[in-house]
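The next block holds one structure in the form of structure tokens; read it before the comments.
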Amino acid sequence: MPPTLAAEKAKLLSEALPFIQRFFDKTIVIKYGGNAMTEQHLKDSFARDVVLLKLVGMNPVIVHGAGPQIGELLKRIGKQSEFIQGMRVTDEETLDVVEMVLGGLVNQEIVTLINLHGGKAVGLTGKDGNFIHARKMLVPSKDKAEEWLDIGQVGEVTGIDPELIHLLDSRDFIPVIAPLGVGNEGEAYNINADVAAGKLAETLHAEKFILMTNTAGVLDKQGNLLTGLTSERVKDLIDDGTISGGMLPKVNCALDAVHNGVKSSHIIDGRVEHALLLEVLTSEGVGTLIKRA
């Protein structure tokens, strides 16, 4: 390695020191999804980043989705995916597929990859130890006022017992969580991964809640990246239509988290290699930071 390149690497490592010190023993909840979860070089990059954060003393907790993988398997068995207001309609047959893909195939792939890079990952779902409590979610009808639609076994979080996560963290394990919840009668619920991750971040009083997406972050109307946003600024951007469409629910999850005790939320571009390290260990970051005030 040329001396100049080695010196540059040493400089980068040195500049990371204040961030390592600031976030030592802090919990970082990461919603893992998008291209970072489907492209192999990005999957490897993510796994290495998570292992590094753990090795320097932080406590990463991963919550993942599996939307494309679930849709693909449903298609293969001849079942059409159906969505209402962005939520997957989940009948009993669909729930079986969701549990198999989300809690099995995808979860174990992430666990295996982290372990291959030297981590100690443990895969679980919210059903394990009944640690994510949920109830049936009803969504409001767009066509009929005051009418609520039943979309099957889709749940909303009613409570989270953090004991299992605390236990894994204390033993230096990295929790990898599939967002399935359990109801009062033991019934399973499919939960939106962004929402589950945000609620978990609140429950764990996380230092950071990071959402990995397929966009650079929150953009203004000219396409420029916005960061350092307060809740008041975000409200203005929603009101004037700058934040809309698919970004809106992610921003709302991020806002809910900071309003309920999380120090900061980050919407970052999972298409960027080592996006996680860039956001946590540099001052520039690689996405949109949202804070309470």
Side-chain angles (χ1 to χ4, degrees), residues 8 11-13 15-16 18-20 22-23 26 28-39 41-50 52-53 58 60 62-65 67-68 86 192-195 197-198 201-202 206-260 262-293:
E8 184 63 27
K11 182 172 179 288
L12 290 171
L13 289 170
E15 288 174 350
F19 299 98
I20 294 171
R22 187 188 310 171
F23 304 133
K26 303 295 186 182
I28 299 174
V29 175
I30 305 153
K31 161 40 189 10
Y32 178 45
N35 281 47
M37 199 174 166
T38 57
E39 296 184 18
H41 75 287
L42 294 175
K43 290 194 283 188
D44 288 328
S45 164
F46 174 78
R48 287 194 298 270
D49 289 358
V50 168
L52 179 58
L53 292 180
M58 300 176 205
I62 300 162
V63 180
H64 65 86
N192 177 276
D194 291 349
V195 172
E202 295 170 21
E207 181 76 16
K208 293 178 179 293
F209 170 40
I210 298 177
L211 292 125
M212 302 187 77
T213 70
N214 281 344
T215 64
V218 177
L219 307 178
D220 66 17
K221 290 182 177 179
Q222 288 72 46
N224 301 309
L225 180 67
L226 299 172
T227 191
L229 301 179
T230 62
S231 55
E232 291 80 7
R233 176 65 173 141
V234 169
K235 183 179 182 302
D236 291 341
L237 292 169
I238 292 172
D239 289 344
D240 71 13
T242 300
I243 299 174
S244 61
M247 183 55 71
L248 193 55
K250 293 186 182 298
V251 168
N252 284 331
C253 283
L255 273 180
D256 286 345
V258 297
H259 284 158
N260 290 293
V262 177
K263 293 288 182 63
S264 61
S265 293
H266 308 250
I267 299 173
I268 70 172
D269 194 343
R271 300 168 301 176
V272 175
E273 197 165 0
H274 299 299
L276 194 54
L277 293 186
L278 289 167
E279 188 64 22
V280 176
L281 298 181
T282 72
S283 56
E284 293 82 6
V286 70
T288 296
L289 164 68
I290 297 175
K291 54 190 179 181
R292 200 174 315 163

Looking at [atom1] of [X] and [atom2] of [Y], how far apart are the two atoms once the value is rounded to the nearest 0.5 Å?
X    : Y    : atom1 : atom2 : value
I267 : I243 : CD1   : CD1   : 7.5 Å
K291 : T227 : NZ    : OG1   : 8.5 Å
H259 : I290 : NE2   : CD1   : 9.5 Å

Using the test side-chain hydrogen bond (donor to acceptor under 3.5 Å, both in side chains), find all partners of [X] that sit at least two apart in sequence or belong to another chain.
X    : value
H266 : K208, S264, E279
S265 : none
H274 : S45, D49

Residue pairs fulfilling salt bridge (charged side-chain N to carboxylate O under 4.0 Å, His left out) with at least one residue in residues 220-237, sequence neighbours excluded: K235-D239
Would L237 and L229 count as a side chain to side chain contact (heavy atoms under 4.5 Å, CB included) here? Give the steps. CA-CA 10 Å; L237 292 169; L229 301 179; 4.0 Å; yes
Quick one: side chains of residues 244-256, donor-acceptor pairs under 3.5 Å with protein atoms, not counting sequence neighbours, listed by atom name and distance.
unit_1 : atom_1 : unit_2 : atom_2 : d
K250   : NZ     : D194   : OD2    : 2.8
N252   : ND2    : L248   : O      : 3.4

Give me the atom names and distance for the closest heavy-atom approach of [X] to [Y].
X    : Y    : result
A36  : M212 : CB-CE, 4.0 Å
L281 : F19  : O-CD1, 3.3 Å
I30  : P60  : CD1-CB, 4.0 Å
G65  : K31  : N-CE, 4.1 Å
N214 : R271 : O-CZ, 3.1 Å
F209 : A197 : CE1-CB, 3.6 Å

Intermediate values then yes/no, side chain to side chain contact (heavy atoms under 4.5 Å, CB included), V280 and I210: CA-CA 9 Å; V280 176; I210 298 177; 3.8 Å; yes
Any donor-acceptor N/O pair, T213 side chain to D269 backbone, under 3.5 Å: no
Please say which of V50, V286, L53, T282 ends up in a side-chain contact (heavy atoms from CB on, under 4.5 Å) with L277. L53
Are side-chain heavy atoms of L219 and L225 found at a separation under 4.5 Å? yes
Can you list the residues that meet the side-chain contact (heavy atoms from CB on, under 4.5 Å) rule with K43, with sequence neighbours excluded? Y32, Q40, E109, L113
